[in-house]
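Okay, structure first, notes after.
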Amino acid sequence: MDHFDYKNGALAAEDMPISDIAEAVGTPFYCYSTATIERHYRVFAEALAGLSATICYAVKANSNIAVIKTLADLGAGADVVSSGELTRALKAGVPADKIVFSGVGKTRDELAHALQENILQINIESEPELQALNEVAGSMGVTAPVAFRINPDIDAHTHDKISTGRSEDKFGIEWTRIHDVITRASDLANIEIAGLAMHIGSQLTELEPFRQAFIRLRDVVAILRADGHNLPRLDLGGGLGIPYDAAATPSPADYGKVVTEVLGDLEAELLFEPGRLIVGNAGILVTRIVYVKEGATRRFLILDAAMNDLVRPSLYEAKHDIVPVSEPNSGANLERVDVVGPVCETGDTFATELDLPSAEAGDLLAIRSAGAYGAVMASTYNSRALIPEVMVNGNAYSIIRERIDPDTLINYENLPNWDS
Ligand code: LLP
């Protein structure tokens, strides 16, 4: 459930009319709802109520410091994957002892940054990375708390580009080798074995792959514990999918039941790294129709937003709901349209052959479910701006990131000095 609804004939974020924000801020912009973020966090936390659980919000989904702070205020930790995300999480007020650092290619500088900040744990994904961390920790005179990410070789049944738990994927240490790796790790002077980690993919719409992966994790834990490794923490990653259209997705409560059934009696602290589930449906991308163009075989709504603002349809064939900001009359005429951006690629398409209430140039549209992997994946392709992010709370809004115009970016460019 989200807080983007029609009120008095116009789309509102909570109690704030979208068209008022568009008037003041200009289009396109991302709009987030505080109440929705908070609600999604609480629903997930309640689903885990019977467990010893810490929720480390996956900052990569939406890393605006205002979004992270909203969650930190509710008690969330953070899952970060770069020095930049670590800086954001700390700046937003996430306590260091609730931060985990994931990622397949952390540099020595990033590992040092994590150790310096004394974060909860570093999730190690390979033996070379383990060696590097041992050396970096040694040179700093500290011990690094480590969880080993296992690759359980389970197919998450999601889009190929966001599946991470199959043996051919670059992530984690093969589950069959984890015993050897941990045995060697216990001889390393600057490594403390804190537990295991896992993340099999994103936008999972079935619970069965989670169950299979958790069973594999449980089996690995049993073998390692029999060998004297305590493993006090198990990090189960994120990945629970959200409804992008009318399709049903598993509820957090049902996910919580699977976790409890498979891992509930393991006497371990469980970490969770949800991203999309918390923020995905808490954001929309607001855009204006620039032209309505009658093509030879299609009618095109050409928007002022493009693939550089929301790349998911181009990159993952994702389908995001698109709705008019002005509420259509019941029984309004539907027209079949392609909804496209102005970027010079056919891939810059948000929807094809969509039935939308008839619309004109100048009308506002909202592209839904843009709160996760929207702004964070934006680029300046075609020398377009990085558009503003706006956060609504009740009947107030705040610009939580200003527009960054091409002029600003061009200022960072130099003509080589051999031209002068
Ligand atoms: N933990 C780890 C280690 C991850 O790699 C990810 C996402 C998450 C947690 C959070 O997953 P979530 O709960 O959001 O599914 N750009 C893609 C999604 C990439 C996900 C990458 N890793 C998209 O727009 O669909």
Side-chain angles (χ1 to χ4, degrees), residues 30 37 40-41 43-44 47-48 54-63 67-68 71 76-82 85 89 99-106 121-126 129 147-152 156-166 169-173 196-207 209-210 213 234-244 249-250 252 255 259 270-283 285 307 309-320 350 367-379:
Y30 311 96
I37 296 172
H40 290 169
Y41 179 83
V43 167
F44 192 67
L48 308 172
T54 303
I55 300 173
C56 296
Y57 164 62
V59 165
K60 66 171 77 66
N62 186 320
S63 59
V67 171
I68 305 173
L71 291 162
D79 163 47
V80 303
V81 291
S82 67
E85 285 191 356
I99 298 180
V100 303
F101 199 151
S102 305
V104 76
K106 299 182 276 302
Q121 76 184 31
I122 298 173
N123 291 355
I124 283 294
E125 300 220 17
S126 67
E129 190 189 26
F148 291 84
R149 175 165 174 182
I150 71 165
N151 180 320
H157 296 157
T158 182
H159 193 282
D160 194 48
K161 288 194 169 91
I162 51 176
S163 286
T164 56
R166 305 164 299 188
D169 298 325
K170 68 182 175 181
F171 299 96
I173 298 166
L196 299 179
M198 204 171 67
H199 171 79
I200 60 170
S202 195
Q203 186 53 17
L204 271 71
T205 53
E206 300 164 23
L207 289 175
F210 282 119
L234 300 176
D235 178 344
L236 305 184
L240 191 55
I242 60 168
Y244 277 93
T249 46
Y255 170 84
V259 174
L270 301 178
L271 305 187
F272 296 85
E273 302 172 351
R276 188 192 316 262
L277 185 78
I278 308 291
V279 291
N281 281 328
L285 170 59
M307 63 189 288
D309 306 306
L310 181 67
V311 77
R312 303 196 68 264
S314 314
L315 197 54
Y316 315 113
E317 296 86 34
K319 306 250 183 300
H320 287 243
F350 290 110
I367 304 179
R368 298 182 60 112
S369 312
Y373 308 112
V376 287
M377 294 180 79
S379 77

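Just so it is clear, the model here is predicted, and its values are computed rather than measured. Every number for a ligand or one of its atoms is a count from 1 in the order of the listing.
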Which of the atoms in ligand 1, numbered in the order shown and given with their element, are less than 4.0 Å from a heavy-atom of [X]?
X	value
G238	9 (C), 13 (O)
I162	17 (C), 18 (C), 19 (C), 25 (O)
D79	1 (N), 2 (C), 9 (C)
E273	1 (N), 2 (C), 3 (C), 8 (C), 9 (C), 10 (C), 13 (O)
P274	13 (O)

Quick one: are [X] and [Y] in side-chain contact, heavy atoms under 4.5 Å?
X	Y	answer
V104	S126	no
S102	H199	no
E125	K170	no
F272	F44	yes

T249 vs Y244, side chain to side chain contact (heavy atoms under 4.5 Å, CB included): CA-CA, chis, key distance, verdict:
CA-CA 9 Å; T249 46; Y244 277 93; over 6 Å; no
Intermediate values then yes/no, side chain to side chain contact (heavy atoms under 4.5 Å, CB included), Y57 and V67
CA-CA 10 Å; Y57 164 62; V67 171; 4.0 Å; yes
Shortest heavy-atom approach to [atom] - which of [options]:
atom	options	answer
atom 15 (O) of ligand 1	S202, A156, A197	S202
atom 8 (C) of ligand 1	H199, R149, K161	H199
atom 22 (N) of ligand 1	K60, E125, H159, M377	K60
atom 18 (C) of ligand 1	M198, Q203, R276	R276

Less than 4.0 Å is my threshold; does some heavy atom of A61 fall inside it relative to ligand 1?
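No, A61 has no heavy atoms under 4.0 Å from ligand 1.
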Answer yes or no: is there a donor N or O on one side and an acceptor on the other, between the side chain of Y255 and the main chain of L48, under 3.5 Å?
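Checking the backbone N and O of L48 against the side chain of Y255, no donor-acceptor pair under 3.5 Å is found.
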Can a donor-acceptor pair be found, under 3.5 Å and without considering hydrogens, that links the side chain of D79 to the backbone of C56?
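No; zero donor-acceptor contacts below 3.5 Å.
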Checking contacts here: is it the side chain or the backbone of R312 that comes within 4.0 Å of ligand 1, counting heavy atoms only? Could be both or neither.
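The answer is the side chain.
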I want to know if ligand 1 touches G275 in the polar sense, i.e. an N/O pair below 3.5 angstrom.
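Yes - when backbone and side-chain N and O of G275 are compared with those of ligand 1, one distance drops under 3.5 Å.
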Would A58 count as a polar contact of ligand 1, with the cut-off being nitrogen or oxygen pairs under 3.5 Å?
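Between A58 and ligand 1 (N or O atoms, distance only) the closest approach is not under 3.5 Å.
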Go through Y373 and K60 one step at a time and tell me if the side chain to side chain contact (heavy atoms under 4.5 Å, CB included) criterion holds.
CA-CA 7 Å; Y373 308 112; K60 66 171 77 66; 3.9 Å; yes
What protein heavy atom is closest to atom 14 (O) of ligand 1, reported as residue, atom name and distance in Å?
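Checking every protein heavy atom, the shortest distance to atom 14 (O) of ligand 1 gives Y373 OH, 2.6 Å.
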Nearest to atom 16 (N) of ligand 1, what protein heavy atom do you find, and at what distance?
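Nearest protein contact, heavy atoms only, for atom 16 (N) of ligand 1 is Y316 OH, 2.8 Å.
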Under 3.5 Å, is there a donor on one side chain and an acceptor on the other for N123 and Q121?
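Side chains of N123 and Q121: pair found under 3.5 Å.
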